[in-house]
2 protein chains.
Amino acid sequence: MLGVTVFRIGEAAELLGVSADTVRRWIDAGRLPAGRDEAGHRVVDGAELAAFVRAAGNDPDERADASSARNRLRGIVTAVVKDTVMAQVDIQCGPFRVVSLMSREAVDELDLRVGSVAVAVIKSTTVVVERVPSKGRTS
Amino acid sequence: MLGVTVFRIGEAAELLGVSADTVRRWIDAGRLPAGRDEAGHRVVDGAELAAFVRAAGNDPDERADASSARNRLRGIVTAVVKDTVMAQVDIQCGPFRVVSLMSREAVDELDLRVGSVAVAVIKSTTVVVERVPSKGRTS
DNA sequence: CTAGCGGTTCCGCAGATGCAGCCCGGTGTG
DNA sequence: CACACCGGGCTGCATCTGCGGAACCGCTAG
């Protein structure tokens, strides 16, 4: 098991958040290196895809750049639920919804409300990583 | 201070990650409610923008749906640095780069490597929210 | 008061993306 | 073995998005 993770075009497309056609065009344009399997289907190496998605994520979004420094996800507040002592704040950060539980006092003090811009900050030691059952095979 | 956060078209565009032209077209198409200020400039209400970004984030991406349940950010591993006892794993989740610090043993056990698909899971109590110096005024 | 600067509106254009249609190859089931 | 189903390759088309240009408005500095 060399463990080289490879993706088919559909899998890569889902990961990148675009259609398979777009991934195909990127490959044909040479922007994303890929090979072909015995059936003529395009095969994308996991490491290549990682490099591509990293490059794509850095350039266009300066806000992502500012974020990429240390787990800073910038977004817009979509919900605020205030309890007596605690409060829950939902932030939409790009395609993800991040939920934060904090004291009600903190919410009041920050004056967080629906529509406000906020940044979700996460200590890297509190991030748990799960492997995905998935797809990519080892070849 | 009623605290109704409002955005100008450029600010909304930056938040949504698109150009001001696109936001203008969305408004003209009725997809995003907006008013006009005394100068004829479009003005977007923060709550409306929040509703819009929430809807936009849920529909297209089923993977985001699966993620939105509880701070589950799915992405691709872009870097793995192994130290003697600790390890750092970088995951590109949409436009954001998430860094996780974990024991080296955990990395080996999960068989995490560049190009693997992984999910960053974050307890909502460990998410710190910062307000942005920003923009949106109170009217 | 005037000039300069930044942001917005509106217009038109070129490139990128998504989608539908059609054919092919691999897989599983009866 | 025959059949249906699924994912992929390839083509063409409609749409969306971003960019540049020209004019307008509001704010600030001189």
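Chain letters run A, B, ... following the sequence lines, proteins first and then strands; every chain starts at 1.
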> Enumerate the side chain to side chain donor-acceptor pair (under 3.5 Å) contacts for residues 40-52 of chain A, please, sequence neighbours excluded, ordered by first and then second residue.
A:D28-A:R42

> Using salt bridge (Lys or Arg N to Asp or Glu O under 4.0 Å) as the criterion, list what pairs up with A:D21, not counting sequence neighbours.
A:R24

> Apply salt bridge (Lys or Arg N to Asp or Glu O under 4.0 Å) to B:R31 and list each qualifying residue two or more places apart in sequence or on a separate chain.
none

> What range of DNA chain D does chain A touch, first nucleotide to last, counting atoms under 4.0 Å from its heavy atoms?
D:dG7 to D:dT11

> Test of understanding: with side chain to side chain contact (heavy atoms under 4.5 Å, CB included), list the residues that count as partners of A:A50, not counting sequence neighbours.
B:I76, B:T78, B:V114

> Going by heavy atoms closer than 4.0 Å, what residues in residues 22-50 of chain A are next to DNA chain C?
A:T22, A:R25, A:W26

> How would you list, by chain and number, every residue that makes a side chain to side chain contact (heavy atoms under 4.5 Å, CB included) with A:E130, sequence neighbours excluded?
B:R72, B:V119, B:V121

> Can you sort out the partners of A:S100 under side chain to side chain contact (heavy atoms under 4.5 Å, CB included), two or more places apart, ordered by chain and number?
A:M102, B:V127, B:V129

> Which atom pair, heavy atoms only, marks the closest approach of B:I91 to B:A118?
CD1-CB, 4.0 Å

> What residues form a salt bridge (Lys or Arg N to Asp or Glu O under 4.0 Å) with B:K123, not counting sequence neighbours?
none

> Which other residues belong to the hydrophobic cluster containing A:V81, where Ile, Leu, Val, Met, Phe, Trp and Tyr are joined when side-chain heavy atoms lie under 4.5 Å apart, directly or via other members?
none

> If we fit an axis to the first five pairs and another to the last five of the helix from C:dC1-D:dG30 to C:dG30-D:dC1, what angle do they make, to the nearest 10°?
40°

> What is the distance from CZ of B:R8 to C1' of C:dG6, rounded to the nearest Å?
9 Å

> If you look only at pairs with a residue in residues 104-124 of chain B, which of them pass as a ring-ring contact (aromatic ring centres under 6.0 Å, His included), with sequence neighbours excluded?
none

